[in-house]
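Fair warning: this is a prediction, and the values are worked out from it, not measured in the lab. Sequence lines set the chain letters: A, B, ... in the order given, protein chains first and strands last, and positions in each chain run from 1.
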Number of protein chains: 2
Amino acid sequence: MVSKRTLTNLEYALLGLVNQAPQTGYQLCKIFETSPIGHYSSSPGSIYPALNRLEKRGLLHARVERQSTMRPRRVFSVSQDGRHSLREWVTAPVDKNVLFRDEDGVMLRFAFMDAFLQPAETVAFLQQLSDTTSDLIADLNRHHQEISRASEAHTATGTLALEYGISSYRNLARWAKRTASKVANKN
Amino acid sequence: MVSKRTLTNLEYALLGLVNQAPQTGYQLCKIFETSPIGHYSSSPGSIYPALNRLEKRGLLHARVERQSTMRPRRVFSVSQDGRHSLREWVTAPVDKNVLFRDEDGVMLRFAFMDAFLQPAETVAFLQQLSDTTSDLIADLNRHHQEISRASEAHTATGTLALEYGISSYRNLARWAKRTASKVANKN
DNA sequence: AAAGGCATGTAAGGTGTTACATGATTGT
DNA sequence: ACAATCATGTAACACCTTACATGCCTTT
């Protein structure tokens, strides 16, 4: 049994990008700089160490070019184990607590999903996401009622911020349903 | 000139909560456990060290009860410096990059805002938030067009995830405007 | 007198951030 | 020859997470 340690979102993002096409660390840095993938700063200082970790764990394989020089160039590609890890990550159930604590991570999974899943499976994921989100909304509504009933030292803007949170998840649920139809109708 | 080091969101959250009412570390732990404030796990292992840091920097003051025993109890309240820090944090302009990288932090600022600002100032903040969000949406739309035009190795779900991001900021802009009216109409 | 909630803390480990350092290649 | 860009890496630092340890107080 391989070590079950889970990866960070950054590591999964790298794995997912390399899975789309083999890349060097520098190219991956550029992608993070120029595209809104995740909300990381993601400078070389985090990316190269992450790539090295992934290589050490055997999820990524590096083909070394310019080998003789002191500044070799490494082109990464995803190994079997890496693809397996990615698939497990992408297909994991959408847990309510995970959704609450790490919505970015859930969307990251979705973004890399179509390298692994059939449209029908993607639709199922979106349906599950929509359901879990509804559960979360119910929780937040309960909390909203509680702080309204007991007029605590809870501030006005505090309540309004909570309402934003709720509207935010409503938007997620709407998007998930809309997108599920889109994907389904493309066959 | 006092050290300008900025605090973490957790530290600001603690400062803001203690500003609403003096609290012990344990009570603050309970608040994080039972309410959807921020998306932290926020167990004792992060809260107590954070409180100690804030005390060391003179932003929080602890009144010690049960002093003679080996397990004293500390009730925290916010110092002048602490209130000043909070006010500066809350009233800082809404920067586009900050909004993109740390939306939670911006909403946290809003949640603690009414301890410091008049309704009119809160409305101004929301207006600024709405404008900055529109800028961000424009950026994301540009990026969306780019990846549509150049049909790269960009995946279908990747594009859909980007669309979620855009819808998400649209929802934020809507909320900001709606909430601005609400606050304005309450005088 | 035992249980459970109140209350505070430490230690190990991993990760992200910033800033810095360095070498290779390409274009002008 | 020089600058810009390609390309990789390290070091210091701070923070969060998890797990663990400990003691006080109230209720039964």
Side-chain angles (χ1 to χ4, degrees), chain A residues 3-15 18 22-34 37-57 60 62-76 97-98 101-102 104-105 108, chain B residues 3-14 18 22-34 37-57 60 62-76 97-98 101-102 104-105:
Chain A
S3 71
K4 259 297 189 186
R5 278 214 58 254
T6 56
L7 307 178
T8 64
N9 282 340
L10 175 58
E11 289 168 327
Y12 280 121
L14 292 169
L15 218 44
V18 171
Q23 311 259 8
T24 67
Y26 186 75
Q27 289 173 308
L28 291 162
C29 284
K30 286 292 154 207
I31 290 174
F32 279 98
E33 268 172 39
T34 61
I37 192 180
H39 303 309
Y40 319 93
S41 158
S42 292
S43 27
S46 50
I47 291 184
Y48 285 102
L51 289 169
N52 291 331
R53 287 196 297 274
L54 290 170
E55 198 191 6
K56 211 170 289 172
R57 288 185 202 165
L60 237 42
R63 189 165 46 81
V64 183
E65 298 178 353
R66 239 156 40 187
Q67 208 148 4
S68 55
T69 64
M70 290 191 68
R71 186 98 323 184
R73 180 184 130 108
R74 302 191 298 150
V75 183
F76 292 97
N97 290 310
V98 170
R101 302 248 228 108
D102 184 23
D104 283 356
L108 200 58
Chain B
S3 72
K4 260 299 189 185
R5 280 213 56 253
T6 57
L7 308 178
T8 64
N9 283 341
L10 175 58
E11 288 169 326
Y12 280 121
L14 292 169
V18 172
Q23 310 258 11
T24 67
Y26 186 75
Q27 289 174 309
L28 292 161
C29 285
K30 286 292 152 203
I31 291 173
F32 280 98
E33 267 173 38
T34 61
I37 192 179
H39 303 310
Y40 318 92
S41 159
S42 291
S43 29
S46 51
I47 291 184
Y48 285 102
L51 289 169
N52 291 332
R53 286 195 299 272
L54 291 169
E55 198 191 5
K56 212 171 287 173
R57 289 184 202 167
L60 237 41
R63 188 166 47 80
V64 184
E65 297 177 355
R66 239 160 36 190
Q67 207 148 6
S68 55
T69 64
M70 291 190 68
R71 187 100 319 186
R73 181 185 130 106
R74 301 192 299 153
V75 183
F76 292 97
N97 290 310
V98 170
R101 299 249 228 107
D102 183 24
D104 283 356

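- Remark: A:Phe76 engages no residue in a ring pair (Phe, Tyr, Trp, His ring centres under 6.0 Å) (not counting sequence neighbours).
- Residue A:Glu65 contributes atom CD, which lies 14 Å from atom C1' of D:dT8 at whole-angstrom precision.
- What separates CD1 of B:Ile47 from P of D:dC15 is a distance of 15 Å, to the nearest Å.
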(request) Using a 4.0 Å cut-off on protein heavy atoms (strictly under), produce a 5'-to-3' string for nucleotides 2-14 of chain C with B for base contact, S for backbone-only sugar-phosphate contact, and - for none. (result) ----BBBSB----
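- Residues passing the side chain to side chain contact (heavy atoms under 4.5 Å, CB included) test with B:Tyr26 are B:Thr24, B:Lys30, B:Tyr48, sequence neighbours excluded.
- Within the 4.5 Å cutoff, no side-chain heavy atoms of B:Leu60 are placed close to those of B:Leu14.
- Here B:Ser42 lies in heavy-atom contact (under 4.0 Å) with sugar-phosphate atoms only.
- Between A:Thr69 and A:His39, the residue whose closest nucleotide on DNA chain C is further toward the 5' end is A:His39.
- Rounded to an integer number of Å, the gap from A:Asn9 CG to D:dC16 C1' is 15 Å.
- Rounded to the nearest 0.5 angstrom, B:Tyr40 OH and B:Asn9 CG are separated by 4.0 Å.
- Qualifying side chain to side chain contact (heavy atoms under 4.5 Å, CB included) partners for A:Pro22, counting only residues two or more places apart in sequence or in other chains: A:Val75, A:Ser77.
- At D:dT18, one or more side-chain N or O atoms of B:Ser41 fall inside 4.0 Å of OP1 or OP2 (strictly under the cut-off).
- The side-chain hydrogen bond (donor to acceptor under 3.5 Å, both in side chains) check on A:Asp104 picks up nothing, with sequence neighbours excluded.
- Whole-Å rounding puts the B:Leu54 CG to D:dA14 P distance at 15 Å.
- Every residue meeting the salt bridge (charged side-chain N to carboxylate O under 4.0 Å, His left out) condition with B:Arg53, not counting sequence neighbours, appears here in chain and number order: B:Glu11.
- As a whole-Å value, the separation of A:Arg63 CZ from D:dT8 P is 12 Å.
- Rounded to whole Å, the distance from CG on B:Asp102 to P on D:dC15 is 15 Å.
- With rounding to whole Å, B:Glu33 atom CD is found 13 Å from D:dT18 atom P.
- Distance B:Leu10 CG to D:dC15 P: 10 Å, rounded to the nearest Å.
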(message) Can you give me the dot-bracket string for DNA chain D, 5' to 3', counting Watson-Crick and G-U wobble pairs with both distances under 3.5 Å, using [ ] for crossing pairs and | for partners on another strand?
(response) ||||||||||||||||||||||||||||
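- Listed by chain and residue number, nothing satisfies the salt bridge (charged side-chain N to carboxylate O under 4.0 Å, His left out) test with A:Arg71 (two or more places apart in sequence, or in another chain).
- Residues passing the salt bridge (charged side-chain N to carboxylate O under 4.0 Å, His left out) test with A:Arg63, sequence neighbours excluded: A:Glu65.
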